[in-house]
Structure formats: C-alpha cells, structure tokens
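Notes for the one structure printed next.
Values below: every heavy atom of this structure, side chains too, minus hydrogens, waters and symmetry copies. Numbering of ligands and ligand atoms starts at 1, following listing order.
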Amino acid sequence: MALELRGVEAGYGGALAVQGVSLTVPPGSIVTLLGPNGAGKSTTLRAAAGLIRPRAGEILLDGERLDGLPADAVVRRGLALVPERRELFPSLPVLENLSLGAHTRRDRAAIAEDLEMCFALFPRLKERRAQPARTLSGGEQQMVAIARGLMSRPRYLLLDEPSLGLAPLLIEEIFRKLIDIRARGTAILLVEQNAAAALEVADRGYVIETGQIRLEGTAADLAADDAVRETYLR
Ligand code: ATP
C-alpha cells in the first residue's frame, strides 16, 4: 500500500523534464519533494495526477496502475492534486469552488460530511463561503484550494507549493493543517521551495535536481544534511 512512482519519465514536446523518478508515499505520511526552480517537481505531480502521460515508468496507487488513466479516473481512485497558483474559479463563491472538488462523486450525504470537515479544518472558509473566491486573501485562497482537493475524499493529496506568495505566519498556519490532514488518514506529497517549512512537517523527503532524484531520507536526516543545508536551508 502506497503511492509509488517507479522510473517515471515525463516532459513537454521534445524535452524530458523528469528523467526516471522513483519515489514512495506511504499511507498516512507526509513526504516532501524539494528542489530548485525547473527541477521537475510540478511535472512529477502532474504525471501522478494523470494531467500528463508519462513516457516511461509506472505509477501505482495502493498496488493499482494509474499511469495512462485520465485525470478524472485518477481522482476517483483516491488521488487529488492541489495545483500551483491554486487555479480557483475567481468569480464563483467559495462554496461552489469546494463543490467542484466533489464533481466525481454522487454520495451526497458523504459529500456534505466532507464539507463540514473542511469547514472544521478551515473555519474562515465557513464564514466566507458565499464570497467570490477572488475577494479572499492569498492565504484563504490557498485554504480553498486545499479544501477543494479534500472534497474528493482522497487517500493521497498532492500539494504544489502551498506556501507560494504567503506571509510566514500564514505558511505556519497552513502547514499545521497539513498535520491535521495527515491525522485524518490522508497522505500528502508536498512540493515546496520553502524547504525549512516542509521538513518541519514531513516524515520523509526527496531532493530532485534537473529531473532526477539526488537525495532521499527522513526529514530529520535531510534537515541535517550539509548539501541540503547549504542549498535549501540558508
Ligand atoms: P517550479 O518551482 O519553477 O515550478 P518545478 O521543479 O516544478 O519548478 P517543472 O515545472 O516541473 O519544475 O518544470 C520542469 C521543466 O519543464 C522546466 O525546464 C520547465 O521549463 C519545463 N516545463 C514546465 N512546464 C512546461 C510546459 N507546459 N511546456 C513546456 N515546458 C515546460
């Protein structure tokens, strides 16, 4: 049982952005994928979410092959992506943005339960549920994006740079919620530029550079690693 990428290659046109990436996200854990701009982090997440088709390798979700499936089918199998820059519908109310996260589901009672769970996790979203998403602060919009991901009731949640553009206090607030989400049984693959914040909440981590995994280990080992400290924690 796990989300597993095995030798995944993916790219755009003639260019291979991800060159044989293997990584494992055990159930109920937070795993972070660190690396510089353009290293292939977002491409790795997009491949796992079925938004781009890997050119080689395998992606398994609790033993079942995901690669080659369309994005909707991947969501139905229990994996949701919270994309970089959030990609909300700015003129739609918060509540409708959240409902869109449940568009693959028909179990109304369970959807209502999950909405309440999201409001318990992010009480400010309940207060602002009727407001258009664009009127929310950056931090609140990130909360909407995460909650929308949770509305598909995923076992695995992929987060692409949730700290982007947020003030340090808000980053802390949002990262604490990731621990709550893990406690509810959803595993997280967290892509981050903010390595310090990511290593504080993660169980394990990987460092990707120019499309290849260069280092992996427990979050504590990575935080103590000289190369990681020099490049990502200064
Ligand atoms: P960032 O933090 O800047 O998003 P990243 O590690 O997520 O970096 P990717 O977005 O996966 O990196 O990009 C990996 C490579 O693929 C880069 O060279 C990038 O220019 C290229 N790339 C990304 N998206 C596209 C696209 N839609 N079309 C063509 N090339 C792309």
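Legend: residues meeting salt bridge (charged side-chain N to carboxylate O under 4.0 Å, His left out) with Glu113, ordered by chain and number and at least two apart, are Arg153. With sequence neighbours excluded, no residue forms a side chain to side chain donor-acceptor pair (under 3.5 Å) with Glu216.
For the side-chain hydrogen bond (donor to acceptor under 3.5 Å, both in side chains) condition, the pairs that include at least one residue of residues 219-229, sequence neighbours left out, are Thr218-Asp221.
Enumerated by chain and number, the residues approaching ligand 1 to less than 4.0 Å through a heavy atom are Tyr12, Ala17, Pro36, Asn37, Gly38, Ala39, Gly40, Lys41, Ser42, Thr43, Arg46, Glu84, Glu161, Gln193.
Listed here is the closest heavy atom pair of Leu88 and Ala133: CD1-CB, 4.1 Å.
His103 is listed as a side-chain neighbour of Asp72, based on a closest heavy-atom distance under 4.5 Å.
Each of Asp62, Ile59, Leu66 was checked for a side-chain contact (heavy atoms from CB on, under 4.5 Å) with Leu79, and the lone residue meeting it is Leu66.
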